[in-house]
There are 2 protein chains.
Amino acid sequence: MTEPALPRAERRRRTEQRILDAARDLFAEHGFERTTIRAVAAAAEVDPALVMQYFGNKRRLFAEAVRVADPADSAASPEEAVEQLLGTLGVKMRLPPASLAMLRSMLTHPEAAATAREALSRQVGQVGAALPGEGAPLRAALMTAVLLGVTVGHQLLELDELREASHDDIVAALRPALRALAEPGA
Amino acid sequence: MTEPALPRAERRRRTEQRILDAARDLFAEHGFERTTIRAVAAAAEVDPALVMQYFGNKRRLFAEAVRVADPADSAASPEEAVEQLLGTLGVKMRLPPASLAMLRSMLTHPEAAATAREALSRQVGQVGAALPGEGAPLRAALMTAVLLGVTVGHQLLELDELREASHDDIVAALRPALRALAEPGA
DNA sequence: TCGTTGAGTCAACGCCTGTTGAGCGAAATG
DNA sequence: CATTTCGCTCAACAGGCGTTGACTCAACGA
């Protein structure tokens, strides 16, 4: 009639995953403070107490929900760095919920801010290593900030002018700007 | 001994201003949800009930705190638009608390998001009007997003690589990138 | 001088939050 | 079949929140 009665271990794994997925979505949509354990539990069709039992507390649940595998590939030339950043941006137009969740909360939740700073600094380091000339760290940081701004404007603030454009157009329009930052300035 | 006993009207005006200043600072530092009426009242050395009496509710207090006079000056040429944006960025390195408060909450507080969208769209419109060629709205939006990203990275996330650089270096490094966006692309 | 106004306080309300410990019942184990 | 394990729920707690209404008392106007 109902479920084919899965083994207990499997059932447990699936429930935990369901909670994690629900948490990710809600954190991504409303941020850390506006997302309640109760809402997560309801979305996962589970008792709030179970969420606590599996993840300990709200902060740990958030930390688990925003955990994401980082690429850690590095570029050899400035052109490669630019194309790599543009590539992640193309991907980011469908940013994974985990990253969205972190970005959404990074301005108001201290731990999300720390995670964001860490991830961005890593990117700055990688990009900076591929840039020539003086002031490479600053220019790498600015390139990262550019992508941050576009991502925030597009995915989080949902600015009309960015939403109306195709991903390809955005990438194409951004390329010269990033190239300009990749070269040592005047 | 104590105060020289100001007239009632003046005293009232000053108290209201003290509350508003405290609210701005706390909203800018912690965002909407993490800032409590009680904390604002304490910072203004006033009873929480007085905050409600003067501003009605927390949302209205926030709205008052983030209100800011917008410049509304428009550029005639692409170069002028670029310099104007860089100028506001130079200023933004010491961004007024009201703007900081709005930016801090724009990702998690719906009304702050609406205010931010409005302000950014206005800027996109102004910049776009000064740009030549096709796709001007998109390029204007990207220029705005670039400044947003740099501001967020510098003021809110406080990325080391941006904090370590001087304002002039940032403006100088950014200029070619914005110029590239100001011109019609390939 | 006396009644009125209004700036500011006090104590409390109802609500929602994260979090906890006891308990149930079905699956696992022997 | 008897027993243990454990996924999961239930009911409740303490604390903090925004918000309210009654009150106090000094400044004001006549």
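Chain letters run A, B, ... following the sequence lines, proteins first and then strands; every chain starts at 1. As the structure is a computational prediction, the values presented were derived from the model and not from experiment.
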Distance, rounded to the nearest Å, where [X] contributes [atom1] and [N] contributes [atom2]:
X	N	atom1	atom2	value
B/M52	C/dA11	CE	C1'	16 Å
B/R11	D/dA27	CZ	P	9 Å
B/R38	D/dG16	CZ	C1'	7 Å
B/R12	D/dC25	CZ	C1'	18 Å
B/I37	C/dG8	CD1	P	17 Å
B/F55	D/dT20	CZ	C1'	18 Å
A/D47	C/dT19	CG	C1'	12 Å
B/L50	C/dT9	CG	P	6 Å

### Query
Do A/T88 side-chain atoms and A/L85 backbone N/O form a donor-acceptor pair below 3.5 Å?
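Yes.
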### Task
Select base, sugar-phosphate, or nothing to describe what B/Y54 touches, counting heavy atoms under 4.0 Å on all strands.
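Result for B/Y54 = sugar-phosphate.
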### Query
Is B/R8 touching bases, backbone alone, or none of the nucleic acid, heavy atoms closer than 4.0 Å?
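It contacts base atoms.
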#### Entry: Matching residue for A/E16 among A/R13, A/R14, A/R12 - test: side chain to side chain donor-acceptor pair (under 3.5 Å)
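Only one of A/R13, A/R14, A/R12 forms a side chain to side chain donor-acceptor pair (under 3.5 Å) with A/E16, namely A/R12.
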### Query
Do B/R60 and B/Y54 meet the cation-pi criteria used here (NZ or CZ under 6.0 Å from the six-membered ring centre, within 45° of the axis)?
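No, cation not above the ring by the 6.0 Å, 45° rule.
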### Query
Is there side-chain contact between B/L103 and A/L107, with heavy atoms separated by less than 4.5 Å?
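No, every pair of side-chain atoms sits at 4.5 Å or beyond.
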### Message
Which nucleotide wins on minimum distance to the side chain of A/A49, given the candidates D/dC8, D/dG18, C/dG21?
### Response
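The nucleotide sitting nearest to the side chain is C/dG21.
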### Query
Think B/T15 has a side-chain N or O under 4.0 angstrom from the OP1 or OP2 of C/dA7?
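B/T15 to C/dA7 OP1/OP2: no side-chain N or O under 4.0 Å.
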#### Entry: Which residue lies more 5' along DNA chain C, comparing A/T35 with A/P7 via nearest heavy atoms
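The residue mapped nearer the 5' terminus is A/T35.
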#### Entry: Whether A/F62 and A/F32 hold their rings parallel, tilted or perpendicular, with breakpoints at 30° and 60°
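Answer is perpendicular, since the angle exceeds 60°.
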### Message
If you assign each of B/N57 and B/Q53 to its closest nucleotide in DNA chain D, which residue comes earlier from the 5' end?
### Response
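Between the two, 5'-proximity favours B/N57.
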